[in-house]
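Structure record follows, encoded as structure tokens.
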Amino acid sequence: MSEASMRLRVLLPFAVALEGTDILRIVAETCEGAFGLWPNRLDCAAVLVPGILAYETASGGERFVAVDRGVMVKTGRDVVVAVRNAVTGGDLGKLRKLIDEQFVRLG
């Protein structure tokens with residue numbers, strides 16, 4: 001992991017949904033709106049709402065994860081997201097539909 005990147009882990013109650021390194025930026029949704037994380041941002045914590053978590057890798061471009069309610073904590077270059085449900089994918093339309101049909105309805 002380079003000095004200009006982060007490590008992202010998306011944790012479910014009984015599994016690890018995603019573990020990535022060399023993450024350049026992360027955009028997440030809270031009840032106050034969307035915000036971005038970069039490697040040199042101060043440490044923080046945020047409560048997440050059902051939505052799309054977008055992240056960019058050094059080698060693979062932008063990727064997406066549909067996440068349910070949860071919490072995100074950034075400590076140094078480590079970002080941990082703990083949610084009830086998460087689904088990775090590249091098609092934003094399908095992910096948004098999944099959020100509307102499953103995560104918000106279960107809420």
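For reference, positions follow the sequence shown, starting with 1. Computed from a predicted model, the values in this text were never measured in an experiment.
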Just how far is it from atom [atom1] of [X] to atom [atom2] of [Y], taken to the nearest 0.5 Å?
X	Y	atom1	atom2	value
D78	R7	CG	CZ	4.5 Å
I26	K74	CD1	NZ	8.5 Å
L95	T88	CG	OG1	8.0 Å
I23	R63	CD1	CZ	7.5 Å
L37	L42	CG	CG	11.0 Å
M6	D22	CE	CG	10.5 Å

Report whether [X] and [Y] are members of the same hydrophobic cluster (ILVMFWY, side-chain heavy atoms less than 4.5 Å apart, transitive linking).
X	Y	value
L18	L53	yes
V81	L12	yes
M72	W38	no

**Prompt:** Apart from V16 itself, what residues make up its hydrophobic cluster when side-chain heavy atoms of I, L, V, M, F, W and Y under 4.5 Å apart count as a link, directly or indirectly?
**Reply:**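 V16 clusters with L11, V80.
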**Prompt:** Got V67 and N85 here, is their nearest side-chain heavy-atom distance under 4.5 Å?
**Reply:**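 SC-SC contact between V67 and N85 ruled out.
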**Prompt:** How about V79 and Y55: do any of their side-chain heavy atoms sit closer than 4.5 Å?
**Reply:**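 Side-chain contact under 4.5 Å: no.
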**Request:** List for me each residue that meets side-chain hydrogen bond (donor to acceptor under 3.5 Å, both in side chains) alongside R25, sequence neighbours excluded, and say none if there are none.
**Result:**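 With sequence neighbours excluded, R25 shows a side-chain hydrogen bond (donor to acceptor under 3.5 Å, both in side chains) to E56, E62, given in chain and number order.
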**Asked** L8 and R77: side-chain contact (heavy atoms from CB on, under 4.5 Å), yes or no, with the steps?
**Response** CA-CA 9 Å; L8 172 64; R77 299 201 183 281; over 6 Å; no
**Message:** Using every non-hydrogen atom in the two residues, find where V10 and A86 come nearest and quote the distance to one decimal.
**Reply:**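 V10 and A86 have their closest heavy atoms at CG1-CB, 4.0 Å.
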**Request:** Give the minimum heavy-atom separation between A4 and L24, together with the two atoms involved.
**Result:**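 So the minimum-distance heavy-atom pair works out to O-CD2, 3.7 Å.
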**Prompt:** Around E19, counting heavy atoms of other residues, nucleotides and ligands shown, do more than 12 lie under 6.0 Å from its CD?
**Reply:**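 Buried by this count: over 12 neighbours within 6.0 Å.
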